[in-house]
S.K.: 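Before we start, here is the structure in question, set down as structure tokens.
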Amino acid sequence: MADPKQDAGKKSKFKEIGLPLLIAAVLGAIGWYFFPPIMPHVQLPAEKLTHHPLISLPMPIGDIYLTNTLVATFLVDLVLLALVFAVQKAAKSGDLIPRGIVGVFEATLEAIYNLTETTAGKWTKVIFPYFATFFFVVLIANWTELLPGVDSIGFLHKVEEGVHGYAAQGPFLIKQPGPYHVTPWVRVASTDLNFTIALALVSVFMTQVIGVRALGLPYFTKFFNIKAIFTVKPWWMGLIDFFVSILEIISETAKIISFSFRLFGNLFAGSVMLFVIGYLVPVLLQSAVLLLEAFVGIVQALVFGMLTLMFMALATHPHGGEHEEAHA
Amino acid sequence: MDAQSIITAAKLIGAGLAMIGALGGGIGIGLSANGAVQGIARNPDVAGPIQTNMILGIAFAEAVAIYCLVVALLILFVVK
């Protein structure tokens, strides 16, 4: 006694959800049958793509190679530039209705601008560019993880016997026995500590610059509170204040570490998890993990930007009476 | 038992021990979700901002667990 209307609804639901899932499962099973996945080879430092260094600098820095995370960084820059030109074109055309990617961009910008305004107050115009830049760079860098081919297409190189590796197969490969490893051409930029530490250094350094802009040289009494020794009434309380101000230096350094390792750890663990899930359950489950990784990517980008915003906003406040805690 | 297998065993045990620190992150995430759900139950109108702030708090709590994961991965894949 099925209602024909309900029946039609069931059918369309099957067409919308069930059929694609079935097709994906069958395709995944076929791929799993012909190219069985192997335990992934995990390497922490970025892989070098060239044998000769791009630039040779004097010793403290050394040779700079073209690594696959550097390629990903260039890709991120290209995507960002394309976005910039698309938005600029739309803004110049005088069309007041934002369409497509420009609309998404405008909505995102408005949301994070309002967020900046509630935290930073009159310093919004100074702080907002850093927040927005960090947000978009980190977001696009994180989301390259979701593209097929990233982390999986690259050079094959032979490894010694006894190590897990791919057997060379397929029409275009010269069949030499022995396991191979893949050196991917593109690897997510955020899985390289150099990228995240560079962002963290920029963030913390510009925080100091904005602090000096807001408060002038007295900003540095946050770090060397010599004045407190002479002004605070019981002399030992002043001494304690002085040592607390020295501790601020350590907390500032710890910011660099926490900024960089949070982003690096989340994204590196994410890509390792993608590989391991693909090895253990090659059918369907990886799609769910990709969804989770998309969420982690946007949350980490937002966290990086918002922490920068909060530290910068804190630096513009004169410190003194109240004790503000900002740890992360 | 040769030296290499002892070293491998020690690395695996060390990585496992390093992940004990994820306990703290788990407790933190649970507490923040607890607080957020209580807040939403009392005042469902502010569910949106509470959710946003909860996710931010979870990201910070999770960061501590992620440090442990980084240490574990370093032990597994970098230490020779």
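Each chain gets a letter, A, B and so on, in the order the sequences are listed, and its residues count up from 1.
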S.K.: Minimum heavy-atom separation for A/Asn266 to B/Glu62, with atom names?
M.R.: OD1-OE1, 3.3 Å
S.K.: Considering residues, nucleotides and ligands other than A/Tyr113, do more than 12 of their heavy atoms fall under 6.0 Å from its OH?
M.R.: yes
S.K.: Could you report the tightest heavy-atom contact between A/Val303 and B/Ala59, atom names first, then the distance?
M.R.: CG2-CB, 3.5 Å
S.K.: What residues of residues 285-301 of chain A sit under 4.5 Å from chain B when only non-hydrogen atoms are counted?
M.R.: A/Phe295, A/Val299, A/Gln300
S.K.: Hey, are the side chains of A/Phe268 and B/Val70 touching, using non-hydrogen atoms and a 4.5 Å cut-off?
M.R.: no
S.K.: Kindly check if the number of other-residue, nucleotide or ligand heavy atoms within 6.0 Å of NZ (B/Lys11) is above 12?
M.R.: yes
